[in-house]
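One structure is given below, encoded as structure tokens.
Here the structure is a predicted model, which is why all the values come from computation and not from measurement. In this chain, numbering begins with 1 at the start of the sequence shown.
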Amino acid sequence: MTTVLLTGFEPFGGEALNPSWEAVRALDGQQLEELQLVAVQLPCVFGAALTRLQQALAQHRPALVLAVGQAGGRAELSLERVAINIDDARIPDNAGAQPIDEPVLAAAPAAYFTTLPIKAMVAALRAAGIPAAVSHSAGTYVCNHVFFGLMHAASQQASLRQAGFMHIPYLPEQAAQHAPGTASLALAQIIDGIKIALLSAHRTTQDLRQSGGSTH
């Protein structure tokens, strides 16, 4: 059995809920083929989010990690390609911190690429009728902070074979509180999308290992 760690965030920015946590907690304890899923909530706080992530990595020792975060305004599930070593917060985090132009990790590289087969994952999602796209920017808020910290950890842990980040839209009940026409996606569709993406990543990587191809 392969352990998969899913992370989602607590609400932030005045929202009453965070769809990333609502989605991943619905999958906590589920099994997808040989994948055993476990979900952990992260605080929307610079620094503390990475501490909680490190604790979860040590506790569960996953082979695959998919961190999930809210991206209000986006209309599809976004598989992020690159995490950058910068914190540049447009709003304060839930502890009131607002770092500007600071590195996530001072001694780390400028950027890391995901080790998930994101194009195959997007293709699988679209084939299932779920809007999805590859994204080239995870922003510079706590989502990117976690994404970068995750990829730095993966670079140092051979057992963590696949890791990456997915941004998801608002839920309809959130979008209703914003400007008319604000994009949203139903929770059930987001949950289905995460499951499809995980299975695609697992199967694609198995195939690529046999063929010697790249997962990026």
Side-chain angles (χ1 to χ4, degrees), residues 6-25 40-54 56 65-114 116 118 122 131-154 163-185 187 190 193-194:
L6 301 170
T7 69
F9 287 101
E10 65 184 357
F12 71 98
E15 298 287 341
L17 54 80
N18 191 315
S20 67
W21 175 238
E22 299 304 317
V24 301
R25 75 171 178 172
V40 171
Q41 187 184 63
L42 304 180
C44 189
V45 177
F46 290 99
L50 290 188
T51 298
R52 182 68 188 96
L53 175 64
Q54 291 289 354
V65 179
L66 180 64
V68 184
Q70 169 189 298
R74 296 197 194 186
E76 68 281 309
L77 304 187
S78 300
L79 276 301
E80 299 294 348
R81 185 190 292 272
V82 59
I84 59 174
N85 193 7
I86 193 73
D87 290 333
D88 193 22
R90 62 180 179 81
I91 59 173
D93 67 12
N94 284 357
Q98 191 173 6
I100 303 297
D101 294 338
E102 296 180 8
V104 179
L105 297 169
Y112 287 108
F113 287 105
T114 183
L116 292 172
I118 54 175
V122 166
V134 170
S135 169
H136 304 293
S137 175
T140 54
Y141 196 53
V142 185
C143 285
N144 175 76
H145 182 82
V146 165
F147 184 20
F148 186 88
L150 170 62
M151 299 316 302
H152 184 70
F165 198 98
M166 174 190 284
H167 267 121
I168 61 175
Y170 284 137
L171 298 180
E173 55 265 43
Q174 291 178 283
Q177 304 304 313
H178 293 273
T182 297
S184 67
L185 206 59
L187 180 60
I190 293 172
I194 292 172

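Scanning for side chain to side chain contact (heavy atoms under 4.5 Å, CB included) contacts around Ala97 gives Asp93, Pro99, with sequence neighbours left out. Scored by the side-chain hydrogen bond (donor to acceptor under 3.5 Å, both in side chains) test, Ser20 finds Asn18 as partners (sequence neighbours excluded). Under the side-chain hydrogen bond (donor to acceptor under 3.5 Å, both in side chains) criterion, Arg52 pairs with no residue, sequence neighbours left out. Residues that satisfy the side-chain hydrogen bond (donor to acceptor under 3.5 Å, both in side chains) test with Tyr112, not counting sequence neighbours, are His152. Contacts of Ala71 classified as side chain to side chain contact (heavy atoms under 4.5 Å, CB included), with partners at least two apart in sequence or in another chain: Arg74, His167. By the side chain to side chain contact (heavy atoms under 4.5 Å, CB included) test, Ala75 is found to be paired with Ala183, residues two or more places apart in sequence or in another chain being considered. When the side chain to side chain contact (heavy atoms under 4.5 Å, CB included) test is applied to Glu173, the partners found at least two apart in sequence or on another chain are Leu17, Leu171. For Thr140, there are no side-chain hydrogen bond (donor to acceptor under 3.5 Å, both in side chains) partners two or more places apart in sequence or in a different chain.
Distance check, rounded to the nearest 0.5 Å: OH of Tyr170 to CD of Gln177 gives 11.0 Å. Atom CG of Leu66 and atom CG of Leu150 lie 9.0 Å apart (nearest 0.5 Å). Rounding to the nearest 0.5 Å gives a distance of 8.5 Å between OG of Ser135 and CD1 of Ile118. The CG atom of Asn144 lies 7.5 Å from the CG atom of Asp87; values are rounded to the nearest 0.5 Å. Note that CZ of Phe147 is 12.0 Å distant from CG of Leu53, once rounded to the nearest 0.5 Å.
Contact check for Met151 versus Phe165: no side-chain heavy atoms found under the 4.5 Å cut-off. Residues Phe148 and Ile84 have side chains not in contact (no heavy-atom distance under 4.5 Å, counting atoms from C-beta outward).
Taking both residues in full, the closest heavy atoms of Val68 and Val24 are given as CG2-CG1, 3.8 Å, listed atom of the first, atom of the second, then distance. Residue Ile194 comes nearest to Ala23 through the heavy atom pair CD1-CB, 3.8 Å, listed as atom of the first residue, atom of the second, then distance. The two residues Asp88 and Ile100 make their nearest non-hydrogen contact at OD1-CG2, 3.4 Å. Between Pro92 and Tyr141 the shortest heavy-atom distance is O-OH, 2.8 Å. Smallest separation of non-hydrogen atoms from Cys143 and Gly69: SG-CA, 3.9 Å. When all heavy atoms of Ala175 and Ser184 are compared, the pair lying nearest together is CB-CB, 3.7 Å.
The main-chain N or O of Ala163 is found under 3.5 Å from a side-chain atom of Thr114 such that the two form a donor-acceptor pair. Under the 3.5 Å distance criterion, the side-chain polar atoms of Asn85 are matched with a main-chain donor or acceptor of Leu105. The backbone N or O of Arg81 sits nowhere less than 3.5 Å from a side-chain atom of His136 that would complete a donor-acceptor pair.
Relative orientation of the Phe46 and His145 rings is perpendicular, given thresholds of 30° and 60° on the angle between their planes.
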Run Val142 and Phe9 through side-chain contact (heavy atoms from CB on, under 4.5 Å) and show every step you take.
CA-CA 9 Å; Val142 185; Phe9 287 101; 3.7 Å; yes
Assess whether side-chain contact (heavy atoms from CB on, under 4.5 Å) is satisfied between Leu185 and Ile168, documenting all intermediate values.
CA-CA 8 Å; Leu185 206 59; Ile168 61 175; over 6 Å; no
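Residue pairs meeting the salt bridge (Lys or Arg N to Asp or Glu O under 4.0 Å) criterion with at least one member in residues 9-24, sequence neighbours excluded: Glu22-Arg25.
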